[in-house]
Asks: 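Dropping the structure in here first, questions after.
If you're wondering where the values come from, they're calculated on a predicted model, not measured in any experiment. Just so it is clear: chains get the letters A, B, ... in the order the sequence lines come, proteins before strands, and each one is counted from 1.
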Amino acid sequence: MNYSLPNNDEAEITLIGTGGGYGESCVIHLGNQMWAVVDSCINPKTQQSLPLEYLIKLGVDVESNVKLIICTHWHNDHILGMSKLLAASKSSAFSCAKVNDREKFMLWLSMDYQKLTDEKISSSTNEFVECLKIIGTRKLSIMHSYPDRILGKFGNSTISSLSPSDFVIQQFDGEISKLIKDFGIPSRKFVLQKPNDQSVVLLLEFGDHCAVLGADLEYTNNTNKGWLNILNHSQAIIDKKASLFKIPHHGSITGYHENLWLQLLKPNPVAKLTPWNRNKILPSAEMIKKFLGHTKDLFITSPIISNNKPKKRNKNTEKIIDFFNDKISEVKFEKGIIRSRIKLSDSTARWLTELEDSSLKIEV
Amino acid sequence: MSLFFSYGQISTMSDKISATLLPSQSILGGEFTENPALDNERNRHISVILNYYTNLVLADFPRNSEVTKELPRNSEVSTELDRSTKFLELPEVKKYKPFEYKNHFDKVQSWIGHIIAINETTFLAKIEDANESSGTFEDAEFSIDDIEEEDKKLLLIGSIFYWSVGYEYRRGTKNKQSILRFKRLPKIDVATMDKAADLASELRNINWD
C-alpha cells in the first residue's frame, strides 16, 4: 500500500481491523484534505490509536484536518484509543448517540469512572470520560447522532447518522437507571446489555457516490429499532444506493437482512468487514456465502481463525498455567487495513481497493 | 546414607561420618533412612548420631567447608549416645532451636479478570496480565466447582476477580497452587461518591446540541 495522501478530488474509506478484540475503525477522506474518523481501536502492545497512527503515516495534518470524530457506541472494540485520537485532533467536532437524560447519564459515567480508577482494566467508560474531559476543556458541543441527522457537510461530501432510533434512545434512559441501582455492588464492572442497539449507522455522500457504515447495528423483528427501523423509516436513504458497505457486527447473522442489501446498496458493492476471533467466531461460512451472493468485492481485515492457545510465556509458566486451566486462549492482535478510494468528480468511477497487513479478499 | 538439608549435608558410610556445609544459619531438617547393608545396631547407632546433629544449629561455617571423621566402632558407642560426644569438629555449635517452617506462595503468573458470560457449570472471563501494562489479553473458561463456596454469590456478569498460579511452600514441601478470589469491597463510601458527583457536575457543563 502506498502511504501517500489522496488527491483533493478523491474520497477514501479505510477500514482498520485488529482481529476482533482490540477494535475497529474507519478513516474517511471527505475531499480537499478534510478527514473524519469513525470509532477507534488500538495496538495492544503499544496502546496507540491505530487510526491516529494511520493518519500520521499518510502525512495528514491531524491537528488541523481531522474535522469530525464519531463514536458509534461505547463498546471496548469501538472506542479504545479514542481519547488519544481526539487529543491530537484539535480541530475536530465529536459526535455520539443521543442521550435524553444527560444528568443521569453523566452521573452513571462518573460513578463507573470512579469505580475503575484503581483497576488495571481496559474500560470503555474511562475512554469515553477522557473524551468528554477534552471536549469540556475545548468548550465544544457534542453532536447527537439520531435518525436522519446531518452531522457535517464538507464541500460536496456529507455525513449523516441513521440511528439509533427514538425508541432505543428512550430505552437507554431506563437502562442507565438500572445500572445506577447496580452501583451498590462495587466489585462489578458495569456491563451494557444491548449496546449494539445504540450503534450509530452512517450514510456518507461523496457527490454522486454513497457509502454506508453499518457499525454493530443488528436486525430484530421490532421495527422500532435496528435495521428494520432504518429500512422502514429513514428519509435520508430514499433514492440513494451505496456502492461501499461496512458490513455490521463482524458479519454476524443478526447483522444481516436481505432487504438491506437490495434496498440500500447497489449491486456488487465493495463490502468490508472485520472478523471476531474470540469465543464466538464471526463471520460464519454460511454468512460469507450469503455476502458472496451479493458481491464479488468482499474484503476482510484478517483471516477468521479460532485460537485456543494461551499467550506465549516461558516453559515453566506455561506448564503451571496448563496444569490448572487448559481453556485459555489468547485474543490475537491481527492488524489489517482495507483502503478504498474513488474520484469524487467522476460519477461513473468505481472504488479502487488496496490491502495492507493481514487483510484479504474473500473469493468463492 | 545421608541427611540432606537446605544448606548442606551430613552423610555417613559404614565407617565414616562427614559434613559438607554451605554458609548457613541453621540446619533445616531431614529424614533418616536405614542402610540395609548395615546391621540394626549400626543403623541405630548412625541414626542417633544424625539425630544429634539435626538438633543443633550450625552457624557461620566457611563456604563449602567439609569435615570427615571415622565413626566409632559399634563396641565403643552406646546407642544412648552422650550428647556431649563430638564426632565432628564443627566450628561453632549453638544451642538447639526448634525448626520453624515458613509457609509462603511464590506467584508465577497473575491476572485481573471480569466475567463476560455464565453457563451452567462454567463461566467465561476476559483476563489481563496483572504484571503487564500492555499486551494482548486472554479469554478463559473456569469451572464453577473450582470457586470457593463463599465466592459463588459473587458470580455475576461484570464481577472482577484476581487469579494467580504459582507454588505454595508448606512444611517444607512445594506444590503447584491456583488462587482465584473475587474482588470484595465495602459499599461505596461518601468520599468516592463525592468524587463521582464532582466529576458528573464537571461533565454536565459540556454542551450538547
Side-chain angles (χ1 to χ4, degrees), chain A residues 21-22 43-47 76 98-99 102-103 105-115 117 119-122 129 132-133 135-136 139-144 182-191 193 278-279 310-311 313 316-317 319-321 323-325 327-333, chain B residues 108-109 111-117 122 124 126-130 132-143 146 154 156-161 163 165-167 176-178 180 182-189 192-209:
Chain A
Y22 309 96
N43 176 337
K45 285 154 192 160
T46 62
Q47 298 290 307
N76 267 359
K98 186 179 180 185
V99 179
R102 289 201 291 274
E103 292 270 326
F105 178 59
M106 291 305 178
L107 180 61
W108 166 61
L109 278 179
S110 305
M111 287 159 81
D112 201 29
Y113 180 83
Q114 213 58 55
K115 183 191 279 189
T117 298
E119 296 295 350
K120 189 203 145 301
I121 298 179
S122 44
V129 168
L132 292 181
K133 285 181 174 178
I135 291 160
K139 302 198 183 309
L140 291 174
S141 292
I142 296 173
M143 278 193 288
H144 277 144
D182 284 353
F183 189 69
I185 306 171
S187 53
R188 280 176 76 189
K189 262 167 72 79
F190 281 143
V191 179
Q193 294 302 314
R278 287 183 68 183
N279 34 66
K311 284 166 84 161
R313 297 179 171 94
N316 285 340
T317 307
K319 269 186 196 169
I320 191 168
I321 292 170
F323 180 83
F324 288 110
N325 194 329
K327 289 183 177 167
I328 301 177
S329 48
E330 180 184 15
V331 178
K332 295 267 191 189
F333 171 62
Chain B
V108 172
Q109 177 66 48
W111 297 262
I112 180 165
H114 71 271
I115 298 179
I116 53 178
T122 61
L124 195 68
K126 174 183 170 182
I127 56 174
E128 297 175 72
D129 279 21
E132 275 185 23
S133 58
S134 61
T136 53
F137 63 85
E138 292 162 301
D139 285 331
E141 190 176 351
F142 295 87
S143 168
D146 291 343
L154 300 171
L156 300 163
I157 302 283
S159 286
I160 296 167
F161 63 87
W163 181 39
V165 295
Y167 295 99
K176 294 185 186 80
Q177 181 69 278
S178 164
L180 192 151
F182 281 87
K183 183 176 176 177
R184 289 170 162 79
L185 274 179
K187 293 263 180 183
I188 301 304
D189 59 26
T192 307
M193 203 63 202
D194 282 350
K195 279 185 194 169
D198 287 349
L199 178 62
S201 158
E202 182 190 329
L203 298 179
R204 268 195 294 270
N205 290 331
I206 294 170
N207 294 321
W208 296 67
D209 67 358

Asks: Grab the two heavy atoms, one from L199(B) and one from K133(A), that are nearest each other, plus how far apart they are.
Replies: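 Of all heavy-atom pairs spanning L199(B) and K133(A), the closest is CD1-CE, 3.8 Å.
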Asks: Which heavy atom of F137(B) sits nearest a heavy atom of G21(A), and at what distance?
Replies: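 So the two residues come closest at CE2-O, 3.6 Å.
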Asks: For the candidates T46(A), N325(A), L109(A), which exhibits the highest count of non-hydrogen atom pairs separated by less than 4.5 Å from chain B?
Replies: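 When all of T46(A), N325(A), L109(A) are compared, N325(A) has the most.
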Asks: Identify the two heavy atoms, one from L132(A) and one from I206(B), that lie closest to each other, and give their separation to 0.1 Å.
Replies: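 Distance-wise, the nearest heavy atoms are O-CD1, 3.1 Å.
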Asks: May I ask you to test the V165(B)-F323(A) pair for a side-chain heavy-atom distance under 4.5 Å?
Replies: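 Of all side-chain heavy-atom pairs linking F323(A) with V165(B), none is under 4.5 Å.
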Asks: Measuring only between side-chain heavy atoms, which start at C-beta, is K327(A) closer than 4.5 Å to T122(B)?
Replies: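 Sidechains of T122(B) and K327(A): no contact.
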Asks: Check the side chains of T317(A) and Q109(B) for a donor-acceptor pair under 3.5 angstrom, ignoring hydrogens and angles.
Replies: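 Side chains of Q109(B) and T317(A): no pair found under 3.5 Å.
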Asks: What part of D139(B) is in contact with chain A, defined as an atom under 4.5 angstrom from a non-hydrogen atom: side chain, backbone, both or neither?
Replies: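 Both backbone and side chain.
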Asks: What I'd like to find out is whether the side chain of R204(B) reaches to under 4.5 Å of the side chain of R102(A), using heavy atoms alone.
Replies: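 Contact flag for R204(B)/R102(A) side chains = no.
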Asks: Taking all atoms of both residues into account, what is the closest heavy-atom pair of G135(B) and Q47(A), and its distance?
Replies: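 For G135(B) and Q47(A), the tightest heavy-atom pair comes out as N-NE2, 4.2 Å.
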Asks: Just so I understand: if I count every heavy-atom pair under 4.5 Å between each of S178(B), A197(B), G166(B) and chain A, which residue has the most?
Replies: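 Maximum pair count with chain A is reached by S178(B).
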Asks: Could you tell me whether K332(A) atom NZ has more than 12 heavy atoms of other residues or ligands within 6.0 Å of it?
Replies: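 Atom NZ in K332(A) is not packed in, count stays at 12 or less.
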Asks: Any salt bridge between R313(A) and E138(B), counting N to O under 4.0 Å?
Replies: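 Salt bridge between R313(A) and E138(B), a charged N being under 4.0 Å from a carboxylate O: yes.
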Asks: Measuring from L203(B):CG to Y113(A):OH, what's the distance to the nearest 0.5 Å?
Replies: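 Going from the CG atom of L203(B) to the OH atom of Y113(A) covers 9.0 Å.
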Asks: Determine whether W111(B) and I321(A) make a side-chain contact, defined as any pair of heavy atoms from C-beta on separated by less than 4.5 Å.
Replies: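 Yes, at least one pair of side-chain atoms sits under 4.5 Å.
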Asks: Given F324(A) and D146(B), is the side chain to side chain contact (heavy atoms under 4.5 Å, CB included) satisfied, shown in steps?
Replies: CA-CA 10 Å; F324(A) 288 110; D146(B) 291 343; over 6 Å; no
Asks: Shortest non-hydrogen contact from A200(B) to L107(A)?
Replies: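 Taking every non-hydrogen atom into account, CB-CA, 3.9 Å.
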Asks: Parallel, tilted or perpendicular, judged at 30° and 60°: which one describes the rings of F105(A) and W208(B)?
Replies: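 Correct class here is perpendicular.
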Asks: Check whether F333(A) gets within reach of chain B through its side chain, its backbone, both or neither, counting any heavy atom under 4.5 Å.
Replies: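 It is both, since atoms from each part get that close.
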Asks: If you round to the nearest 0.5 Å, how far is CG of L124(B) from CZ of R278(A)?
Replies: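 It comes to 8.0 Å.
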Asks: So what's closer than 4.5 Å to chain B heavy atoms on E330(A): side chain, backbone, both or neither?
Replies: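 When you check distances to chain B, atoms from both the backbone and side chain of E330(A) fall under 4.5 Å.
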